[in-house]
Amino acid sequence: MKRAIFPGSFDPITLGHYDIIKRGIELFDEVIVSIGINSEKKYMFSLEERKKFIEDAFKNEPRVKVMTYEGLTVQFCKEIKVPFILRGLRNPADFEFEKAIAHTNRKLSKIETVFLLTAASTSYISSSIVRDVIKNNGDYTVLVPESVRMK
């Protein structure tokens, strides 16, 4: 069984994340959406809310699991015996950043990173943009799955 993790903070999950996960399950038998816990970071949504948003968005897709972890992503991969990391790329800046992480991860382990380009229709969306729209009382519902819209 080919398994991949899709790591991130998902604060909140966006339509861009949703698209990568949906396309990822076409490539892998199981995609584990892995919410990284960083005690230094201040989140808009609690860990429980972020986890529920993702679980609700994929409630009818048994090949999508949601887990949380702390520490290095490659260490988490080793612990749960997952050989692939799935990442989405929106733009050249994402590529440069993710390329450095992928090279480091491969140096530290045998974990391979698989990149998917985001769909043109969602390539401009980021969680930080969604949070800014929410903070300023804008219509964020066009940027997130229905599970977040019901917040």
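- A donor-acceptor pair under 3.5 Å is formed between the side chain of Lys65 and the backbone N or O of Pro62.
- Between Phe45 and Phe53, the distance from one ring center to the other falls under 6.0 angstrom.
- In this structure, Asp56 contributes its side chain and Ser147 its backbone to no donor-acceptor pair below 3.5 Å.
- Without hydrogens or angle criteria, Asn91 side chain to Ala93 main chain gives a donor-acceptor distance under 3.5 Å.
- Under a 4.0 Å N-O distance rule, the pair Glu98/Arg87 qualifies as a salt bridge.
- The closest side-chain donor-acceptor pair between Thr141 and Asp139 falls under 3.5 angstrom.
- Asn136 places a side-chain N or O within 3.5 Å of a backbone atom of Asp132 that can act as its donor or acceptor partner.
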For residues 113-123, tabulate all N or O donor-acceptor pairs below 3.5 Å that involve a side-chain atom, not counting sequence neighbours.
from, atom 1, to, atom 2, distance (Å)
Thr118, OG1, Leu89, O, 3.3
Thr122, OG1, Ala119, O, 3.4
Ser123, OG, Ala120, O, 3.3

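- Within the 3.5 Å criterion, the main-chain N or O of Ala100 finds no donor-acceptor partner in the side chain of His103.
- Listed by chain and residue number, Val74, Gln75 satisfy the side chain to side chain contact (heavy atoms under 4.5 Å, CB included) test with Leu72 (two or more places apart in sequence, or in another chain).
- Within the 3.5 Å criterion, the main-chain N or O of Ile5 finds no donor-acceptor partner in the side chain of Ser34.
- Taking a 6.0 Å sphere around NZ of Lys78, one finds it holds more than 12 heavy atoms contributed by other residues, nucleotides or ligands.
- Screening Val133, Leu15, Ile134 for a side-chain contact (heavy atoms from CB on, under 4.5 Å) involving Leu143 leaves a single residue, Val133.
- One finds a salt bridge joining Glu96 and Lys99 here, because a Lys/Arg side-chain nitrogen approaches an Asp/Glu carboxylate oxygen to under 4.0 Å.
- Salt bridge annotation for Lys51-Glu55: present, with a cationic side-chain nitrogen under 4.0 angstrom from a carboxylate oxygen.
- Remark: the backbone N or O of Arg3 is not paired with any side-chain donor or acceptor of Asp29 at under 3.5 angstrom.
- By the 6.0 Å and 45° rule, Arg50 stacks over the aromatic ring of Tyr43.
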